[in-house]
S.K.: 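Got a structure here, written out as structure tokens. Questions coming.
Predicted model only: the values in this text are computed from it and were never measured. Keep in mind that the numbers below use all heavy atoms, side chains included, and drop hydrogens, waters and symmetry copies.
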Amino acid sequence: MPELPEVEVVRRGLERWISGRTVAEVQVLHPRAVRRHLGGGEDFAARLKGRRAGVARRRGKYLWLPLEDADESVLAHLGMSGQLLVQPHGAADEKHLRIRVRFNDSIGTELRFVDQRTFGGLSLHETVEGAADGLPAAIAHIARDPLDPAFDEAAFHTALRRRRTTVKRALLDQSLISGVGNIYADEALWRARLHYDRPTATLTRPRSVELLDHVRDVMNAALAVGGTSFDSLYVNVNGESGYFERSLDAYGRENEPCRRCATPMRRRPWMNRSSYFCPRCQRPPRPAAPARPAAPARPAVAPRTAVPLSSS
DNA sequence: CCTAATCCCTGCTTGC
DNA sequence: TGCAAGCAGGGATTAG
């Protein structure tokens with residue numbers, strides 16, 4: 001459930017408390033926490049030992065620490081319930097402690113990966129050649145996120161128009177735009193007054209730009225108060241929760257009045273999860289026209305030259 | 001190529 | 001009270 005704002009809060013914590021430190025010892029306490037590391041837990045621990053962590057980076061919901069003097073980075077994903085905690089050596093082990101990293105300094109704290117549902121994990125990957133930020137090659141397919149200055153708005157809109165999908169599916173597709181999960185998707189759609197099942201091909205350029213602005217706005221607002229927390233699962237590196245939950249307009253508000261029009265909000269099962277929306281502000285799209293051969297505009301005169309069917 | 005469904009996992013909540 | 005089902009859901013993988 002940690003989405004971009006929550007992950008960015010964690011990244012800032014890593015940058016402040018972990019970057020620049022050199023690994024002394026790694027304990028992998030649950031194999032599933034390193035399942036993306038193909039060499040396994042022992043290999044992960046051995047290869048991390050003695051390495052110095054660079055500045056913590058993030059793309060969407062992924063975090064990584066570039067390793068100095070090596071074209072490798074430690075990649076982290078929090079999944080649904082993962083936490084990266086900076087704890088004093090003496091602190092009692094958390095119930096779901098999966099990985100412990102100790103450092104060769106006398107600061108007195110260690111990094112812990114704690115994860116109840118084990119959807120998250122750590123792994124070591126080669127970096128994309130020439131990437132100054134140490135982007136792990138394993139996540140090169142993840143799109144830039146909307147807070148990235150290099151995010152390509154025009155390309156995003158073009159992709160939306162080309163896709164034969166619906167707008168919420170597109171927002172959650174990390175290869176189109178990263179960092180958006182179920183919570184911020186519902187929030188942005190509510191702000192944009194768009195129904196989750198609206199086909200992306202019907203979005204005009206101004207409408208997709210507006211939607212993107214709402215995504216950024218809601219994420220920045222969440223970031224300003226430390227992220228969203230429904231329970232103690234989503235915390236910063238010091239174990240503290242954010243305060244954005246009280247500001248949510250859609251997610252989790254079934255039967256509560258819409259903050260714009262007071263109509264009771266609804267929850268609909270959607271892709272094995274839920275979508276929250278206002279039935280008045282976010283009208284469902286017209287039912288799809290019955291499938292029939294489209295009548296694309298064709299030139300009145302046949303092309304003079306035949307078009308090859310295939311170039312391969 | 002594109003899109004949709006499935007699976008992984010645990011703890012809390014709900015219903016009978 | 002106890003048990004089972006439902007729910008939370010990102011993303012790799014598989015299926016179509």
S.K.: Would the number of heavy atoms belonging to other residues, nucleotides or ligands and lying under 6.0 Å from CZ of A:Arg35 be above 12?
M.R.: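 Count over threshold, so yes.
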S.K.: Of the listed nucleotides (C:dC7, B:dT3, B:dC9), which one gets closest to any side-chain atom of A:Thr118?
M.R.: B:dC9
S.K.: Among B:dA5, C:dA8, B:dG11, which nucleotide has an atom closest to any side-chain atom of A:Met80?
M.R.: C:dA8
S.K.: What's the closest nucleotide to the side chain of A:Arg32 if the choices are B:dC9, C:dC7, C:dG11?
M.R.: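 Closest nucleotide among those given: B:dC9.
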S.K.: I want to check one thing: is the phosphate of C:dA12, taken as OP1 and OP2, less than 4.0 Å away from some side-chain N or O of A:His141?
M.R.: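 For C:dA12, OP1 or OP2 has a side-chain N or O of A:His141 closer than 4.0 Å.
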S.K.: What's the closest nucleotide to the side chain of A:Gln116 if the choices are B:dG11, C:dA8, B:dA4?
M.R.: B:dG11
S.K.: Of the nucleotides B:dT10, C:dG10, B:dT6, which has the atom closest to the A:His96 side chain?
M.R.: B:dT10
S.K.: Give the nucleotide from the list B:dT6, B:dA4, C:dG10 with an atom nearest to the side chain of A:Thr165.
M.R.: B:dA4
S.K.: Using only atom types and a distance under 3.5 Å, with no angle test, would you say the side chain of A:Arg11 pairs donor to acceptor with the backbone of A:Ala56?
M.R.: yes
S.K.: Compare the minimum distances between each of C:dG11, B:dT10, B:dC2 and the side chain of A:Arg163, then state the nucleotide with the smallest one.
M.R.: B:dC2
S.K.: To the nearest 10 degrees, what angle separates the axes at the start and end of the helix from B:dC2-C:dG16 to B:dC16-C:dG2, five pairs each?
M.R.: 60°
S.K.: Does any donor-acceptor pair link the side chain of A:Arg117 with the base of C:dG10 at a separation under 3.5 Å?
M.R.: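 It does not, because no donor-acceptor pair links the side chain of A:Arg117 to the base of C:dG10 below 3.5 Å.
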